[in-house]
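Reviewing the structure listed below.
We count residues from 1, following the sequence as given.
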Amino acid sequence: MVMKNFVVFEGIDGAGTSTQINLLKQRAEAEKKFIFSAEPTKKETGVFLRRVLSGDVKARAESAVYLFAADRNEHIFGEDGVKEHTQNGFIEVSDRYFFSSIAYQGMSCGEELPKAVNSAFPLPELLFFFDIDVDEALRRIEKRGEAKEIFEKKEFLEKIAASYRRIIAEYEQKETGMKIVRIDAQKSADEIAKTIWREISELPILKI
């Protein structure tokens, strides 16, 4: 099932999804048609999940899968959630969704559980997948001052990138009604922003 007016940005750390969402916010503010969110959310479920991810709360990898799904359920179906917004005539743009859960959490407990737990969630109408060379992603992370244990990060990100590409390819082979746009994330921010706006501007809601 596809949720109309729901747009998702996905990619490994350093791929530039946050940069593009910020650029879209600047453009979209005048349209009064956009709402922006991210996962984990800022809801109580997301706050607790972030404590688990930071190590403040100990939990098994399998438990984290269910915690992500609980937060996602609130994100989509909860009060002031994506379903409510999109049905009320807004386009909701989310920085990450269940594709990242499958990619990242699949590393710690296998893809079978994340896929099963997330199978009932609706697909976005439009999915942007930011594909980037891991070395370039690490250069961007280092520029932000976050490059600790860079060799461990490279090995980890290479596995995540491969997982992401495999997952996106699987969805490309299915007839789901979701449009997938692969973004060459090594292009300039302006070029990418133009591509994103061109695709989003084709959503039927903006043509009304």
Side-chain angles (χ1 to χ4, degrees), residues 2-42 75 82 85-86 90-104 122-147 150 153-154 156-174 176-207:
V2 167
M3 182 168 282
K4 295 294 184 181
N5 306 327
F6 183 31
V7 178
V8 169
F9 285 22
E10 289 279 11
I12 63 171
D13 293 336
T17 59
S18 296
T19 296
Q20 289 303 320
I21 282 179
N22 286 333
L23 289 173
L24 185 57
K25 281 180 180 179
Q26 294 170 24
R27 185 165 198 165
E29 281 173 356
E31 301 289 338
K32 305 297 183 185
K33 276 285 189 179
F34 290 75
I35 292 175
F36 296 88
S37 57
E39 292 190 358
T41 70
K42 294 180 180 179
H75 182 209
V82 176
H85 295 156
T86 55
F90 292 95
I91 295 171
E92 178 119 2
V93 181
S94 178
D95 191 356
R96 296 209 171 156
Y97 190 42
F98 69 71
F99 307 96
S100 61
S101 281
I102 299 171
Y104 280 86
L123 294 168
E125 184 171 8
L126 183 57
L127 169 64
F128 291 102
F129 171 54
F130 288 63
D131 200 359
I132 191 169
D133 177 77
V134 169
D135 286 330
E136 175 59 24
L138 283 169
R139 279 193 288 272
R140 295 180 182 182
I141 293 169
E142 186 174 18
K143 195 173 180 179
R144 299 198 307 246
E146 300 174 14
I150 195 164
K153 279 180 178 274
K154 182 174 181 178
F156 177 73
L157 281 183
E158 283 176 341
K159 291 178 180 178
I160 295 298
S163 180
Y164 251 131
R165 290 172 185 136
R166 183 174 64 254
I167 293 161
I168 298 302
E170 287 177 5
Y171 276 95
E172 285 175 329
Q173 294 167 11
K174 301 175 184 178
T176 63
M178 170 180 64
K179 183 173 184 179
I180 299 173
V181 178
R182 285 181 177 254
I183 297 290
D184 180 353
Q186 291 178 214
K187 289 185 176 180
S188 72
D190 285 344
E191 271 188 284
I192 294 170
K194 287 177 182 177
T195 298
I196 288 170
W197 184 250
R198 184 173 63 247
E199 295 291 343
I200 288 180
S201 64
E202 288 299 315
L203 292 175
I205 192 173
L206 291 180
K207 295 181 176 297

Taking atom [atom1] of [X] and atom [atom2] of [Y], what is their separation to the nearest 0.5 Å?
{"X": "Ile91", "Y": "Ile200", "atom1": "CD1", "atom2": "CD1", "answer": "6.5 Å"}
{"X": "Glu170", "Y": "Thr176", "atom1": "CD", "atom2": "OG1", "answer": "12.5 Å"}
{"X": "Asp184", "Y": "Asp131", "atom1": "CG", "atom2": "CG", "answer": "7.5 Å"}
{"X": "Phe156", "Y": "Leu138", "atom1": "CZ", "atom2": "CG", "answer": "11.5 Å"}
{"X": "Asp133", "Y": "Glu158", "atom1": "CG", "atom2": "CD", "answer": "8.5 Å"}
{"X": "Glu172", "Y": "Met178", "atom1": "CD", "atom2": "CE", "answer": "8.5 Å"}

[Y] side chain reached by [X] side chain, heavy atoms, under 4.5 Å:
{"X": "Asn5", "Y": "Phe34", "result": "no"}
{"X": "Ile196", "Y": "Leu23", "result": "no"}
{"X": "Pro122", "Y": "Phe6", "result": "no"}
{"X": "Thr86", "Y": "Lys4", "result": "no"}
{"X": "Ile168", "Y": "Leu127", "result": "yes"}

How close do [X] and [Y] get, heavy atom to heavy atom, and via which atoms?
{"X": "Ser201", "Y": "Leu206", "value": "CA-CD1, 3.8 Å"}
{"X": "Val93", "Y": "Leu24", "value": "CG2-CD2, 4.1 Å"}
{"X": "Ser163", "Y": "Ile102", "value": "OG-O, 4.3 Å"}
{"X": "Val8", "Y": "Pro124", "value": "CG2-CB, 3.7 Å"}

Inspect the contact between Glu136 and Arg139 and indicate whether a charged nitrogen and a carboxylate oxygen are less than 4.0 angstrom apart. yes

Between the side chains of Arg96 and Asp13, is the shortest nitrogen-to-carboxylate-oxygen separation below 4.0 Å, so that they form an ion pair?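 Salt bridge flag = yes for Arg96 with Asp13.
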
Using the test ring pair (Phe, Tyr, Trp, His ring centres under 6.0 Å), find all partners of Phe9 that sit at least two apart in sequence or belong to another chain. Phe128, Phe130

Geometric class of the Tyr171/Phe99 ring pair [parallel <30°, tilted 30-60°, perpendicular >60°]: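 Answer is perpendicular, since the angle exceeds 60°.
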
For the pair Tyr104 and Tyr164, name the ring-plane relationship: parallel under 30°, tilted 30 to 60°, perpendicular over 60°.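 Taking Tyr164 first and then Tyr104, their aromatic rings stand perpendicular (interplane angle over 60°).
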
Going by the side chain to side chain donor-acceptor pair (under 3.5 Å) test, name the single residue among Glu199, Glu202, Glu125 that passes it with Lys179. Glu199

Going by the side chain to side chain donor-acceptor pair (under 3.5 Å) test, name the single residue among Lys42, His75, His85 that passes it with Ser37.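 Of the listed residues Lys42, His75, His85, the side chain to side chain donor-acceptor pair (under 3.5 Å) partner of Ser37 is His75.
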
For the residue pair Ser94 / Glu39, report whether a side-chain donor-acceptor contact shorter than 3.5 Å exists. no

Going through the distances and angles, do Ile192 and Thr195 end up as a side-chain contact (heavy atoms from CB on, under 4.5 Å)? CA-CA 5 Å; Ile192 294 170; Thr195 298; 5.6 Å; no

Using the rule given for side-chain contact (heavy atoms from CB on, under 4.5 Å), can you reason through Phe98 versus Leu123, listing the C-alpha separation, both sets of side-chain angles and the distance that settles it, and then say yes or no? CA-CA 9 Å; Phe98 69 71; Leu123 294 168; 3.6 Å; yes

Backbone N or O of Ile132 within a donor-acceptor pair of the Gln186 side chain at under 3.5 Å? no

Judged by atom type as modelled, is there a donor-acceptor pair below 3.5 Å linking the side chain of Glu10 to the main-chain atoms of Phe129? no

